[in-house]
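Take a look at the structure set out below.
FYI, the numbering just counts along the sequence from 1.
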Amino acid sequence: MQKTGALVADDPVTAADEGREPPRHWPLLLVGAAVVPGTVLFLLGRWGDAPAVQAWRTVCLAVTVQALPFLLLGTALSGAINAFVPEGVFHRILPRRPVLAVPVAGVAGVVLPGCECASVPVAGSLIGRGVPPAAAFAFLLSAPAVNPVVLTATAIAFPGDPAMVLARLLASLATALVMGWLWLRFGRAEWLKPVVRHTGHRPGHSRLDEFRRGFQHDFLHAGGFLVLGAIAAATFNVAVPRSVLDTFAGAPWLSVLFLAGLAVLLAVCSEADAFLAASLTGFPPAARLAFMVVGPMVDLKLIALQAGTFGRAFAVRFSAATVVVAVACSALTGWGLL
């Protein structure tokens with residue numbers, strides 16, 4: 001097992017704190033989030049009676065409205081954990097043996113919700129405190145994928161289909177554990193750039209202030225991706241010819257790979273992706289499961305966050321391996337349960 005205690009910088013300002021600093025121009029972001037979709041609808045107004053435009057509007061608004069409450073709840077819980085959970089709690093509950101710490105950290109993601117944007121700096125701070133990287137990475141993958149908010153959203157997006165919720169839990173947890181153990185076996189310390197040490201709450205900031213800043217940061221960033229994801233999903237549903245969908249949807253492996261790749265490109269937050277997956281009715285259940293398993297673990301924004309936190313050498317290797325493991329776990333679980 002590589003020694004990662006040396007992978008710590010001396011700067012007292014933490015990566016998590018820097019990453020969670022709310023944008024200075026956040027009011028402009030809010031205005032943009034309202035203006036951009038409105039402008040699109042205005043430009044399409046002259047064709048507003050066309051069936052395709054009506055379908056586009058319906059899908060876009062439905063996905064956004066359904067997912068927004070879960071996005072609010074998920075980012076609020078993530079901010080509360082960042083502000084109020086003691087720093088050393090993870091280090092105290094994890095077994096000393098890394099091979100056992102991996103499943104404990106993975107299961108901790110079930111009860112400790114957090115969005116995928118927040119999980120990357122949290123994993124970096126865990127490593128900075130001496131937590132084995134394999135355990136930190138297992139938590140990084142599981143927390144945004146199998147927490148109660150995400151599972152509840154999945155149950156609502158797929159009413160009367162508890163098997164989909166169970167399949168998402170099992171496939172996501174299996175992916176997190178396998179990736180943690182793979183890092184134990186093949187991971188190298190030189191793939192990780194020095195991690196900045198987490199020193200707790202910054203001087204002069206109350207816990208409520210930390211909660212507000214964390215919640216504001218996560219919601220603004222995830223909310224933007226939600227709007228873009230809803231627009232992309234609506235456009236995908238309306239613009240892509242049915243013949244193209246049938247080509248992928250009719251072949252089990254092609255459909256799984258297609259929706260896994262789509263999840264990487266759309267970069268939708270985990271609190272909302274179940275509603276997008278539910279709207280892709282032309283694809284088999286295993287493919288929609290792959291969309292929900294891959295998305296919270298690997299997408300364009302997460303690759304960028306991982307590269308900035310741990311380095312490009314890590315992000316390229318870890319993301320590629322995670323996609324392969326997630327697709328395999330999704331396919332096996334989906335074909336076995338759904």
Side-chain angles (χ1 to χ4, degrees), residues 8-34 64-65 67-94 105 108-131 136 139-140 142-153 195-227 269-272 296 301-302 305 308-309:
V8 178
D10 295 328
D11 190 350
V13 179
T14 71
D17 289 334
E18 290 179 350
R20 301 180 69 87
E21 182 72 22
R24 294 183 179 180
H25 304 295
W26 65 267
L28 296 179
L29 296 178
L30 288 177
V31 173
T64 303
V65 171
L68 189 58
F70 294 97
L71 178 62
L72 282 168
L73 179 59
T75 51
L77 289 175
S78 177
I81 290 172
N82 177 73
F84 301 114
V85 173
E87 297 175 20
V89 64
F90 291 106
H91 191 60
R92 290 195 299 268
I93 66 175
L94 289 176
V110 178
V111 296
L112 294 176
C115 73
E116 56 266 35
C117 297
S119 66
V120 176
V122 168
S125 66
L126 290 176
I127 295 174
R129 296 179 198 137
V131 172
F139 181 81
L140 181 153
S142 68
V146 298
N147 67 69
V149 176
V150 169
L151 296 180
T152 302
V195 177
V196 183
R197 182 181 296 277
H198 182 82
T199 57
H201 305 290
R202 288 177 296 178
H205 292 274
S206 67
R207 292 183 182 272
L208 287 177
D209 187 51
E210 291 291 335
F211 167 77
R212 179 189 61 80
R213 298 166 74 89
F215 170 76
Q216 180 176 286
H217 174 275
D218 288 349
F219 181 73
L220 287 176
H221 280 70
F225 285 110
L226 170 60
V227 173
C269 67
S270 58
E271 288 89 354
K301 70 178 184 297
L302 287 176
L305 285 171
T309 303

Where do [X] and [Y] come nearest, in terms of heavy atoms and distance?
X	Y	value
Glu271	Val150	N-CG2, 4.2 Å
Leu151	Val146	CD1-O, 3.5 Å
Ala136	Val131	N-CG1, 4.2 Å

Separation between CG (Leu140) and CG (Leu302), nearest 0.5 Å, reads 7.5 Å
Taking the side chain from Ser270 and the backbone from Pro144, do they hold a donor-acceptor pair closer than 3.5 Å? yes
